[in-house]
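These numbers come from a predicted model, not from an experiment. All residue numbers refer to positions in the sequence shown, counting from 1.
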Amino acid sequence: MKSGHCPCGSGKNYKECCKAYHKGSKNPPTALLLMKARYAAYVKGKLDFLVDTWHPDTRPENLTIDPDIKWIGLEIRSSEGGTQTDQDGIVTFYAKYSDAQGFLNGMTEKSLFTRIDDKWHYIKGDIS
């Protein structure tokens, strides 16, 4: 990823992409864009955004970001529903990261989303 580019993989500059979501001046209009913005929030350490976009029924009481994990790439595998006219959506993605020892790893997650008052929220994810 080039310096200044958004970690979500859009190819846009962070200021023109997920920054507005992270600041709360815009809401992601689709589940896919919320998922990408949440990934970028993990990369950028935007804990408030992660908490705010987590469904209140499934949100952990104490959310932390592991400082030893460095997120280094996102690949969208599939997206079902989650449009501006849907109530629910599913996004499956693969994320690459390195751990404290510098070992490269990856995870696949099938994430579930729903809208509350026209704002998308992350419900939960099944990791494989």
Report yes if some heavy atom in the side chain of [X] is under 4.5 Å from a heavy atom in the side chain of [Y]; otherwise report no.
X	Y	result
I116	P56	yes
L104	K96	no
Y21	L33	yes

ask   = Where do K44 and Y14 land on the side-chain contact (heavy atoms from CB on, under 4.5 Å) test, with the steps shown first?
value = CA-CA 10 Å; K44 296 276 191 182; Y14 173 68; 3.8 Å; yes
If you compare all heavy atoms of [X] against all heavy atoms of [Y], which two are closest, and at what distance to 0.1 Å?
X	Y	value
C18	A37	SG-CA, 3.6 Å
S79	V91	OG-CG2, 4.0 Å
I72	S98	CD1-N, 4.4 Å
T30	T83	CG2-CA, 4.3 Å

Please report the interatomic distance [atom1]([X]) to [atom2]([Y]), rounded to the nearest 0.5 Å.
X	Y	atom1	atom2	answer
D66	D99	CG	CG	9.5 Å
D126	E109	CG	CD	7.5 Å
Y39	L50	OH	CG	12.5 Å
S78	I90	OG	CD1	8.0 Å
M35	L112	CE	CG	13.0 Å
T114	H55	OG1	NE2	6.0 Å

task = Would you indicate whether D48, at its atom CG, is surrounded by more than 12 heavy atoms from other residues, nucleotides or ligands within a distance under 6.0 Å?
result =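 Atom CG in D48 is not crowded, with 12 or fewer foreign heavy atoms closer than 6.0 Å.
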message = Before you tell me yes or no, could you show the steps for M107 and F93 under side-chain contact (heavy atoms from CB on, under 4.5 Å), namely the whole-Å CA-CA distance, both residues' side-chain angles and the distance that decides it to 0.1 Å?
response = CA-CA 8 Å; M107 62 170 269; F93 67 91; 4.3 Å; yes
Is the backbone N or O of [Y] less than 3.5 Å from a side-chain atom of [X], with the two atoms forming a donor-acceptor pair by type?
X	Y	answer
S25	A20	yes
R115	Q84	yes
T58	I123	yes

F103-W71 co-clustered via ILVMFWY side chain contacts under 4.5 Å = no
ask   = Are I76 and Y94 connected in a single hydrophobic cluster, I mean Ile/Leu/Val/Met/Phe/Trp/Tyr linked by side-chain heavy atoms less than 4.5 Å apart?
value = no
task = Test D52 against K119 for salt bridge (Lys or Arg N to Asp or Glu O under 4.0 Å), laying out the working first.
result = CA-CA 10 Å; D52 185 51; K119 182 178 173 187; 2.6 Å; yes
key: ring pair (Phe, Tyr, Trp, His ring centres under 6.0 Å) partners of residues 105-128, not counting sequence neighbours, each pair once   =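 Those involving residues 105-128 are W54-Y122, F113-Y122.
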